[in-house]
Amino acid sequence: MGDHAPDGEGTRRLTDAAALEAGRLLFAAPCRFFHAAQRASDLPARRAAEIAFAGRSNVGKSSLLNALTGQKALARTSKQPGRTQQLNFFELGPDSGGRRLVLVDMPGYGFARVSAGLLQQWSALIRSYLRGRAALARVLVLIDARQGPKPNDRELFDLLDAAALSWQVVLTKCDALAPAALARRQAEMAAEIARHPAGHPEIHATSAETGAGIPELRAALAGLATIG
C-alpha cells in the first residue's frame, strides 16, 4: 500500500520537502524589528505581505516568534500578562529567492493589567489594523492547547469573519498534552472553525519548547510571502 495522509478533521495536510525547505530558508534569513505603532496613525507603509500574531495574554506569541525565527530575544517574553503594549513589526528576509514577510506581534488580550484608557486605545488600534490593512495576508490566532478557545478568542473569530480576513488557528504549548488529548483538541477546533467563513481549515499544533510543528508552520507562512 502506498503512503497516504492520515484521515481526521484535525489532521494537518502533509507538507512536501520543497515547502519545508522554502520555509527553512525564509526563516533563516535576517529578521529585524523596524516599527512600533500605538495608534492607527502610526502604522508603517507596506513593505511586504504581513502575518499578524494574535492571542490572549501569555498564550506564547513571543515564544512562537522566537522559535520561528531562531532568535531567542527577537520578541520579549514575560510571565506578566499584557507585556506587549503596541503593534510590533518585524521584517523577515529577503531570502535567497527574494521572499519577504512582515511579522506583526499584536498586544495580548484578556488579562492586560493596564488603565481603561490604554485598553480602549489598544482595542481601537487592533480593530483599525484588522479592518483596514491591505497588506495583511493572514491572522494567526494562537490558542493555548491546554485550555482551548475562550470568549475573547471567539470575539476575535467573529471580528475577522466580519472583516473578511483570512485567519488560522495555531495551537501553542502542545507539549503539555498527551497525543490523544491533543488530537481531541484539534478535532474540537476543526469543528468550531468550520462554522466560520474566514477561518482557514488547517490547524498548526506547535511547541516553542520542543520545536514541534515549527517547520510546518514556517513552510505554510513561506507560501504567503511577497517576492521582490
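Numbers here simply count residues along the sequence, with the first being 1.
For Thr172 (side chain) and Val59 (main-chain N/O), a donor-acceptor pair under 3.5 Å exists by modelled atom type. In this structure, Arg154 contributes its side chain and Pro149 its backbone to a donor-acceptor pair below 3.5 Å. Between the side chain of Thr206 and the backbone N or O of Gly213 there is no donor-acceptor pair closer than 3.5 Å. For Arg146 (side chain) and Cys174 (main-chain N/O), no donor-acceptor pair under 3.5 Å exists by modelled atom type.
Ile214 has its side chain within reach of Leu64: a pair of non-hydrogen atoms, C-beta onward, lies under 4.5 Å apart. At a threshold of 4.5 Å between non-hydrogen side-chain atoms, the residues Phe34 and Val102 count as touching. Residues Tyr109 and Glu155 are not in side-chain contact: their nearest non-hydrogen atoms beyond the backbone lie 4.5 Å or more apart. Counting only heavy atoms from C-beta outward, the side chains of Leu159 and Arg127 approach each other to under 4.5 Å. No side-chain heavy atom of Val169 sits under 4.5 Å from any side-chain heavy atom of His200. Between Leu103 and Phe27, the closest side-chain pair of non-hydrogen atoms falls below 4.5 Å. Residues Ile193 and Phe157 fail the side-chain proximity criterion, which asks for heavy atoms closer than 4.5 Å.
Summarising the geometry of Pro107 relative to Lys61, their closest heavy-atom pair is C-NZ, 4.3 Å, with the distance given to 0.1 Å. Considering every non-hydrogen atom in both Val139 and Ala54, the closest pair reads CG1-CB, 4.1 Å. Closest non-hydrogen pair, Ala220 versus His204, comes out as CB-NE2, 3.6 Å. Summarising the geometry of Ala198 relative to Leu160, their closest heavy-atom pair is CB-O, 4.1 Å, with the distance given to 0.1 Å. Of all heavy-atom pairs between Leu26 and Ala225, the closest is CD2-CB, 4.0 Å. Nearest heavy atoms, Met106 versus Ala52: SD-CB, 3.7 Å.
Listed by first and then second residue, the salt bridge (charged side-chain N to carboxylate O under 4.0 Å, His left out) pairs that reach into residues 131-143 are Glu50-Arg133, sequence neighbours excluded.
The structure places OG1 of Thr69 at 4.5 Å from CG of Leu74, a figure rounded to the nearest 0.5 Å. Going from atom CG of Asp153 over to atom CG of Leu142 covers 9.5 Å, rounded to the nearest 0.5 Å. Note that CG of Leu25 is 6.5 Å distant from CZ of Arg99, once rounded to the nearest 0.5 Å. In this structure, CZ in Phe89 is found 9.5 Å from CG in Asp42, a value given to the nearest 0.5 Å.
Residues forming a ring pair (Phe, Tyr, Trp, His ring centres under 6.0 Å) with Tyr129 (at least two apart in sequence, or on another chain): none. Listed by chain and residue number, Glu21 satisfy the salt bridge (charged side-chain N to carboxylate O under 4.0 Å, His left out) test with Arg24 (two or more places apart in sequence, or in another chain).
With Cys31 as the partner, the side chain to side chain contact (heavy atoms under 4.5 Å, CB included) test is satisfied by one option alone out of Leu92, Leu68, Leu101: Leu92.
Hydrophobic cluster membership is shared by Leu165 and Leu125, with clusters built from Ile, Leu, Val, Met, Phe, Trp and Tyr side chains linked at under 4.5 angstrom.
Atom CD of Glu209 has 12 or fewer neighbouring heavy atoms from other residues, nucleotides or ligands inside a 6.0 Å radius.
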